[in-house]
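Data block below; observations after.
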Amino acid sequence: MPTVLSGRALAVTATATALLATALTAHAATAETAATTAAITDKVLVIGIDGTVLDRVKAANAPHLQGLMAQGLTAKSTLYANPMAATSSGPGWSTIATGVWPDKHGVKDNTFTGKNYTAHPDFLTRIENAKPSLNTYAAADWEPVTSTDAGGPIFSAKVDKRFSLKGDRDGYGTEDPKIAAAASAELRDQNPDAAFVYFGQVDGAGHSYGAASQQYLDAIGRVDAMVGQLLTAVQNRPTYAQENWKILVTTDHGHTDAGGHGGSTIQERGTFVIAKGAGIPAGSVRTDVKLVDVAATALAQVGVDPGSAIDGIPLNAPDDNDPFDTLRPNLQGRVDETGIPAGVKGFTHTPPAGWAVDNSKMGTGGVTEWAGWAFATDEFWSQAQRDQWRELNVRSRDVFAVADSDEWDDKSHTGSYDSTLITPKWAVAGGTTKNLTFQTHYHHEAGQTAQVLVSYNGGTPTVVKSYTADAVARSESLALQVPAGATDVQIRFRYAGTNNWYWTVDNVRLG
């Protein structure tokens, strides 16, 4: 039975939201006045709540978290699954801290075997390396986050101050309040520029009682009060009027209703980012945010540019205007697929304006959703069939293009799969070099073909890239030598096969 908030809980939530709005308004006015006499200092606080399901946060008595959502951004997201990494805390917090996916940071499970924090350090360490004058702080009671126990630390010894307790040994219900008290004192009385604070008891409640339980909601409520302590500590800083704080709240993985995680269900893969601060519209909801964006946002807030070293994108970075993402309002629910929940709207065959799909060589019949190139979301496509690497498509965002002969073959058909995705014609200048970039995820099997073809001025398309092996969650960059006299170029992505695997393409750019 769904949990219904009492009138008192609703009132508390509304009051907290109103108080937060009043505080923000007052702070903005004070900061504007102060800006004439003192420079504004940018600061960031990241709050990590282990094993927390966003829908349960919305259902809980959690006025502070719900207040942050009302005053800022809420973004659901999904994780990888094995063999890239398990949906467990080691990979999850490593992804959040480093801003790169497990195929880079190397953590696949809670053993931390293969970790590569030297090449891909946490965001606080990156801040120390780039701006050692800034003050960094991390507090946690899951030992690997801040201590050398059990494979850590995720946040390195370069962090100015780390506070570590043992929640597994001493109990998160006991240790979380100590984390909250220590971090609140640090935030209020000291001068951290970037901080990370972790709480563990929600995950414990998930394991013991399940995410659908009242105990899980109660744990969220207790942690919410501690989040409130941290927010109050920030607002009570003597120099708060001269500071510009960005607050982010996130989680490392989800939980099943019955309790547990580590697998590939959409419940276990579920994560979120809540964010409040300058440049983030109040009450906004986004579908293109990824867990790696937390580190990117924290770094950008304090003026550290990691360049291409991380996979994340700051939350207030300019929109990339990916044409596939414009299709989200037109997505529809399942037709032939049975593994995808009926309420999930996540695919269409209608391409964006200027794009086309050539199905003249496609067989007839087959599963409707995948009859030629389609445009889909991870939540939709990955549930078509789990544990076949679809969950590993982590570098695509929001809506992407997918050609899937494996799923198409699950219903009777004639002929084979052969479909081509075609870009608009883009203007070019003869004799120049253009760079074709895109995100791709390709699972190979003998007998299938995946080709990138290029044509100039409507001429015969020529192959510039063929995939003959797996290309898992890859960022591609192809240099195109534009011939003399060419004025336009058109790109084709042709995929052909018969009950083989699949190919995805996203964020296609010519620069």
Side-chain angles (χ1 to χ4, degrees), residues 286-288 313 317-332 346-362 369-378 380-381 393 395-405 417-442 449-467 471 474-496 502-511:
R286 282 176 55 180
T287 52
D288 63 336
I313 300 171
D319 193 330
D320 65 4
N321 295 312
D322 182 4
F324 297 160
D325 294 349
T326 65
L327 299 176
R328 181 168 276 273
N330 305 324
L331 299 179
Q332 64 184 86
F347 96 98
T348 181
H349 281 296
T350 303
W355 290 69
V357 173
D358 179 3
N359 284 335
S360 61
K361 298 180 181 179
M362 271 292 297
E369 287 88 335
W370 317 116
W373 280 96
F375 306 90
T377 65
D378 176 76
F380 189 91
W381 182 55
N393 186 32
R395 289 183 174 86
S396 289
R397 291 175 180 258
D398 204 3
V399 181
F400 51 88
V402 55
D404 192 333
S405 69
Y417 192 109
D418 193 335
S419 182
T420 301
L421 173 66
I422 308 171
T423 71
K425 288 184 177 181
W426 290 320
V428 293
T432 62
T433 300
K434 303 297 286 186
N435 215 34
L436 175 65
T437 59
F438 55 94
Q439 309 298 323
T440 193
H441 180 53
Y442 175 69
T449 301
Q451 298 173 322
V452 181
L453 304 97
V454 176
S455 62
Y456 298 96
N457 291 2
T460 302
T462 59
V463 177
V464 294
K465 173 75 176 179
S466 291
Y467 291 91
R474 182 180 295 177
S475 299
E476 292 285 20
S477 180
L478 305 177
L480 304 182
Q481 304 300 324
V482 181
T487 57
D488 67 65
V489 63
Q490 196 163 37
I491 316 299
R492 287 170 168 80
F493 299 89
R494 183 190 175 196
Y495 174 83
Y502 48 74
W503 188 19
T504 75
V505 173
D506 194 27
N507 199 29
V508 182
R509 292 283 180 269
L510 189 68

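For Pro351 against Ala356, the heavy-atom pair with the smallest separation is CG-CA, 4.1 Å. Nearest heavy atom pair, residue Thr348 against residue Asn330, reads CB-O, 4.2 Å. Shortest non-hydrogen contact noted between Gly430 and Val482 is CA-CG1, 3.8 Å. In this structure, Leu421 and Ala401 approach most closely via the heavy-atom pair CD2-CB, 3.8 Å. Considering every non-hydrogen atom in both Gly485 and Asn457, the closest pair reads O-ND2, 3.4 Å.
One finds the NE2 atom of His349 at 7.0 Å from the CD atom of Glu369 (value rounded to the nearest 0.5 Å). For the atom pair CG of Asp288 and CG of Asp322, the computed distance is 9.5 Å after rounding to the nearest 0.5 Å. Taking CD of Gln451 as the reference point, atom NZ of Lys465 lies at 12.0 Å (rounded to 0.5 Å). Remark: Phe493 CZ to Asp358 CG distance equals 14.5 Å, nearest 0.5 Å. In this structure, Arg509 CZ and Thr437 OG1 are separated by 7.5 Å, a value rounded to the nearest 0.5 Å. We find the CZ-OG1 distance between Arg492 and Thr423 to be 8.0 Å, quoted to the nearest 0.5 Å.
Under the 6.0 Å cut-off for aromatic ring centres, Tyr502 and Trp370 do not qualify, their centroids lying 6.0 Å or more apart.
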### Query
Could you walk me through whether Ser475 and Arg395 pass the side-chain hydrogen bond (donor to acceptor under 3.5 Å, both in side chains) check?
CA-CA 8 Å; Ser475 299; Arg395 289 183 174 86; 4.6 Å; no
#### Entry: Criterion side-chain contact (heavy atoms from CB on, under 4.5 Å) on Thr350 and Leu327, from CA distance to verdict
CA-CA 8 Å; Thr350 303; Leu327 299 176; 5.6 Å; no
### Task
List the steps, then state whether side-chain contact (heavy atoms from CB on, under 4.5 Å) holds for Tyr417 with Met362.
CA-CA 5 Å; Tyr417 192 109; Met362 271 292 297; 3.8 Å; yes
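Between Ser396 and Asp378, every side-chain heavy-atom pair lies at or beyond the 4.5 Å cut-off. Proximity of Asn435 to Leu480: side-chain heavy atoms (C-beta onward) are nowhere separated by under 4.5 Å. Looking only at side-chain heavy atoms (C-beta outward), Ile491 and Val508 stay at 4.5 Å or farther from each other. Considering only heavy atoms from C-beta on, Phe347 comes within 4.5 Å of Gln332 through its side chain. Taking 4.5 Å as the limit, some side-chain heavy atom of Thr377 sits within range of a side-chain heavy atom of Leu331. Under the 4.5 Å side-chain criterion, counting only non-hydrogen atoms from C-beta, His441 is not in contact with Phe400. Using a 4.5 Å cut-off on side-chain heavy atoms (C-beta onward), Arg397 and Asn507 make no contact. Considering only heavy atoms from C-beta on, Leu436 comes within 4.5 Å of Val452 through its side chain.
Note on ring orientation: taking the six-membered ring where Trp is involved, the planes of Trp503 and Tyr495 are tilted (angle from 30° to 60°). Ring pair Tyr442/Tyr467 is tilted by interplanar angle, where 30° to 60° counts as tilted.
When Phe375, Phe324, Trp373 are each tested for a ring-ring contact (aromatic ring centres under 6.0 Å, His included) with Trp355, only one passes: Phe324. When the options Asn393, Asp506, Thr504 are evaluated for a side-chain contact (heavy atoms from CB on, under 4.5 Å) with Val402, the one that passes is Thr504.
Side-chain atoms of Asn359 do not come within 3.5 Å of backbone N or O of Ser419 as any donor-acceptor pair.
Salt-bridge check for Arg328 with Asp398: passed, with a basic side-chain N closer than 4.0 Å to an acidic carboxylate O. Between Arg494 and Asp418 there is a salt bridge, since at least one side-chain N of the basic residue sits less than 4.0 Å from a carboxylate O of the acidic one.
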